[in-house]
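Have a look at the structure below before the remarks.
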2 protein chains.
Amino acid sequence: MNRLKKSNTPSIAPIKCSQCPIRHRAVCARCDDDELENLESMKTYKTYAAGDVILWRGEPLEFVASVVSGVATLSKTMEDGRTQMVGLLLPSDFIGRPGREQIDFDVTATVDVILCCFDRPRFESLVCETPHIAQRLMELALDELDAARDWMLLLGRKTAREKIATFIEMLARRSSHGHDGSKNVIDLHMTRDQIANYLGLTLETVSRQFSALKKDGVIDFSDRKHFTVEDIAALQDETGDDADGGVVY
Amino acid sequence: MNRLKKSNTPSIAPIKCSQCPIRHRAVCARCDDDELENLESMKTYKTYAAGDVILWRGEPLEFVASVVSGVATLSKTMEDGRTQMVGLLLPSDFIGRPGREQIDFDVTATVDVILCCFDRPRFESLVCETPHIAQRLMELALDELDAARDWMLLLGRKTAREKIATFIEMLARRSSHGHDGSKNVIDLHMTRDQIANYLGLTLETVSRQFSALKKDGVIDFSDRKHFTVEDIAALQDETGDDADGGVVY
DNA sequence: ATGATTCTTTGATCTGTATCAAGGCAAAAA
DNA sequence: TTTTTGCCTTGATACAGATCAAAGAATCAT
């Protein structure tokens with residue numbers, strides 16, 4: 001969508017401690033041994049099956065967590081059932097914020113999810129004493145804010161076709177692992193209905209737009225949940241975004 | 001859009017420190033004398049006329065600022081001119097974030113605006129050394145994130161009528177000054193076109209919905225820009241939000 | 001004041017997406 | 001295997017809101 005959201009705080013030294021992504025990606029890249037030990041002691045893992053609700057809106061937050069694997073969504077639901085997703089959690093994304101004791105949306109696993117959880121009160125006191133962790137959490141919050149604002153433009157002004165193209169392009173960007181040039185098979189992770197709730201559409205419209213993009217040779221489905229991008233340039237043209245990621249002259 | 005020019009009006013507005021909202025609302029509530037002195041020394045005021053662009057997307061950020069008076073909007077514009085507002089700045093709101101050297105949206109004054117500006121590099125180093133300011137900025141960012149997510153629900157799932165009712169209710173909430181019971185005259189601050197860009201509608205639809213709400217006795221206009229809420233209960237019913245502000249059982 | 005300009009309202013019509021409906025397909029269960 | 005169940009696709013139709021159009025108020029400039 002745009003590349004302006006790059007953080008320019010001093011880049012974080014890649015200290016790889018162990019398997020836990022929270023260690024080297026989310027909060028602890030600059031932690032010393034004491035801090036790591038402290039984090040380690042408040043850490044537990046939890047797993048959720050696809051479809052499980054991880055947190056209900058308004059429920060008191062007992063832990064904060066980093067996503068280790070899987071995909072979860074943040075969603076808001078109106079009294080009559082209309083639902084809007086307001087965020088997507090992928091590995092290394094963070095749940096919970098300093099000073100917030102509850103959240104105003106539901107968090108749901110769309111595929112099996114593993115979380116690395118930290119006791120909230122203890123985590124908060126560590127954050128208070130550790131400016132570089134606070135700083136890292138601020139970065140994460142600002143990244144989410146940028147993402148939310150991009151999504152506002154999508155929800156308010158883009159056509160169904162543009163929404164789908166943007167969504168596909170985002171998935172393509174986030175799922176490409178710096179590969180060879182070969183076409184990546186991209187995993188959709190979600191049902192048509194969930195995608196519709198993310199894009200502010202109905203499931204039928206999502207299905208029709210996928211079909212149209214396939215007919216136009218932009219993407220190709222191997223099965224319902226997996227596709228390849230056949231024509232990246234065409235896809236990017238369809239998103240409605242600046243080709244150039246936001247550089248202004 | 002083209003007619004909009006960046007105004008470089010030199011700072012004037014000799015506002016007394018005690019009046020500056022940044023002191024008691026935004027960052028300094030817990031500052032000691034040294035910190036206040038430091039903030040004071042990096043502070044300048046800037047004024048912008050209605051319609052002026054305060055900051056262009058992508059432009060390097062030389063200052064961070066607190067809104068002293070007036071209303072400004074954050075907006076994103078697509079190549080073909082479609083525009084979506086992604087935020088509203090009212091007095092005491094903050095522009096600029098620690099670690100961000102630019103922003104990915106335009107900031108525009110909708111009425112005359114006075115900003116209290118702080119030199120960005122100096123402000124950032126103060127933030128680094130002052131955890132309670134960092135903490136306050138985190139709170140502000142999280143509030144904005146919550147607001148953005150509420151807006152995503154509005155943009156993605158609400159009807160035109162619900163959007164207008166939500167907007168009016170928000171204005172009513174933010175503009176009430178803990179008054180006597182009398183009906184507050186609320187200032188719209190924006191044109192129909194700007195409101196449309198905020199709500200993901202067209203200006204004609206905004207106008208029609210205002211007329212409908214007036215005909216139904218929910219609100220009443222004294223002139224184009226000023227109205228009163230005649231029936232708060234009816235208004236809240238129209239927003240589509242939980243009556244109860246989000247408490248969950 | 002007077003005319004120009006910029007908003008706003010309202011009407012008529014159009015259209016993109018929702019809604020309603022009916023099968024199709026694939027994985028899971030029996 | 002057959003049946004069930006949960007998604008997905010596609011078609012027909014409806015409708016909310018966009019678009020096009022024109023005229024009525026404010027506000028601004030002269």
Side-chain angles (χ1 to χ4, degrees), chain A residues 49-51 78 80-84 110-112 154-168 187-216 219-227 238 240, chain B residues 1-4 49-51 78 80-84 110-112 154-168 187-216 219-227 238 240:
Chain A
M78 296 170 68
D80 62 3
R82 280 175 283 173
T83 296
Q84 177 62 53
T110 57
V111 297
D112 292 355
L154 176 144
L155 292 171
R157 291 298 182 207
K158 289 190 179 179
T159 64
R161 175 115 173 175
E162 288 168 338
K163 287 177 175 181
I164 294 287
T166 304
F167 177 70
I168 290 175
D187 192 333
L188 221 39
H189 293 303
M190 301 187 226
T191 66
R192 302 292 185 265
D193 189 50
Q194 290 170 325
I195 295 167
N197 286 335
Y198 198 27
L199 298 174
L201 296 170
T202 59
L203 70 94
E204 293 94 334
T205 299
V206 170
S207 177
R208 278 185 245 272
Q209 296 298 336
F210 276 147
S211 299
L213 284 172
K214 179 177 178 174
K215 185 162 69 70
D216 296 347
I219 57 175
D220 195 41
F221 278 87
S222 45
D223 65 61
R224 292 173 178 196
K225 286 268 172 58
H226 299 269
F227 66 93
E238 300 274 4
Chain B
M1 198 62 204
N2 329 356
R3 76 198 149 78
L4 295 177
M78 296 170 68
D80 62 2
R82 279 176 286 172
T83 296
Q84 177 62 53
T110 58
V111 297
D112 292 355
L154 176 145
L155 292 170
R157 291 298 182 208
K158 289 189 180 180
T159 65
R161 174 112 172 180
E162 289 168 337
K163 287 177 175 181
I164 294 286
T166 304
F167 177 70
I168 290 175
D187 192 333
L188 221 39
H189 293 303
M190 302 188 222
T191 66
R192 302 290 184 268
D193 189 49
Q194 290 170 324
I195 295 167
N197 286 334
Y198 198 26
L199 299 175
L201 297 170
T202 59
L203 69 94
E204 293 94 332
T205 299
V206 170
S207 178
R208 276 185 246 272
Q209 296 297 336
F210 276 148
S211 300
L213 284 173
K214 179 176 177 176
K215 185 162 69 70
D216 295 346
I219 56 174
D220 194 41
F221 279 87
S222 44
D223 66 61
R224 293 175 182 198
K225 286 267 172 59
H226 299 269
F227 66 93
E238 301 276 3

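So you know, we letter chains A, B, ... as the sequences are listed, proteins then strands, and number each from 1.
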To the nearest 0.5 angstrom, please state how far the [atom1] atom of [X] sits from the [atom2] atom of [Y].
X: Leu155(A); Y: Arg157(B); atom1: CG; atom2: CZ; result: 8.5 Å
X: Phe167(B); Y: Leu199(B); atom1: CZ; atom2: CG; result: 6.0 Å
X: Ile168(B); Y: Leu188(B); atom1: CD1; atom2: CG; result: 8.0 Å

Using whole Å, report how far [atom1] of [X] lies from [atom2] of [N].
X: Arg161(A); N: dA18(C); atom1: CZ; atom2: C1'; value: 19 Å
X: Arg82(B); N: dG16(C); atom1: CZ; atom2: C1'; value: 13 Å
X: Lys214(B); N: dT8(C); atom1: NZ; atom2: P; value: 14 Å
X: Asp223(B); N: dC7(C); atom1: CG; atom2: P; value: 15 Å
X: Asp193(A); N: dA18(C); atom1: CG; atom2: C1'; value: 14 Å
X: Phe210(B); N: dG17(D); atom1: CZ; atom2: P; value: 15 Å
X: Phe227(A); N: dC8(D); atom1: CZ; atom2: P; value: 14 Å
X: Gln209(B); N: dT9(C); atom1: CD; atom2: P; value: 12 Å

Can you list the residues that meet the side-chain hydrogen bond (donor to acceptor under 3.5 Å, both in side chains) rule with [X], with sequence neighbours excluded?
X: Asp80(A); value: Arg82(A)
X: Ser207(B); value: none
X: Lys158(B); value: Thr166(B), Asp241(B)

What I want to check is whether an N or O donor and acceptor connect the side chain of [X] with the base of [N] at under 3.5 Å.
X: Gln194(A); N: dC7(D); answer: no
X: Arg192(B); N: dT10(C); answer: no
X: Arg208(A); N: dG11(D); answer: yes

Which residue lies more 5' along DNA chain C, comparing Val206(A) with Met190(B) via nearest heavy atoms | Met190(B)

Side chain to side chain contact (heavy atoms under 4.5 Å, CB included) between Lys214(B) and Asp220(B), worked out = CA-CA 5 Å; Lys214(B) 179 176 177 176; Asp220(B) 194 41; 3.4 Å; yes

Nucleic acid contacts of residues 195-203 of chain A, taken as heavy-atom distances under 4.0 Å to DNA chain C | Gly200(A), Leu201(A), Thr202(A)

Give a yes/no on whether any side-chain N or O of Ser211(B) is located under 4.0 angstrom from OP1 or OP2 of dT10(C).
-> yes

Is any side-chain N or O of Thr205(A) closer than 4.0 Å to OP1 or OP2 of dA18(C)?
-> yes

Spell out protein contact along nucleotides 24-30 of chain D as letters: B when the base is contacted, S when just the sugar-phosphate is, - when no protein heavy atom is under 4.0 Å; keep the 5' to 3' order.
-> BBS----

All pairs passing salt bridge (charged side-chain N to carboxylate O under 4.0 Å, His left out) where residues 187-209 of chain A contributes a residue, at least two apart = none

Mind checking side-chain contact (heavy atoms from CB on, under 4.5 Å) for Glu238(A) and listing every partner two or more places apart, or none if nothing turns up?
-> Arg161(A), Ala165(A)

Which residues share a side-chain contact (heavy atoms from CB on, under 4.5 Å) with Thr205(A), sequence neighbours left out = Ala160(A), Leu201(A), Thr202(A), Gln209(A)

Under 3.5 Å, is there a donor-acceptor pair between the side chain of Asp112(A) and the main chain of Ala50(A)?
-> yes

Report the nucleotide, chosen from dT10(D), dC8(D), dT8(C), that has the shortest atom-to-atom distance to any side-chain atom of Glu204(A).
-> dT10(D)

Measure up the Phe227(B) and Phe221(B) rings against each other and bin them: parallel (under 30°), tilted (30 to 60°), perpendicular (over 60°).
-> tilted

Whichever of Ala160(B) and Ser207(A) has the more 5' nearest nucleotide on DNA chain D, that residue is Ser207(A)

Could you give the angle between the helix axes at the two ends of the helix from dA1(C)-dT30(D) to dA30(C)-dT1(D), with five pairs per end, rounded to 10 degrees?
-> 40°

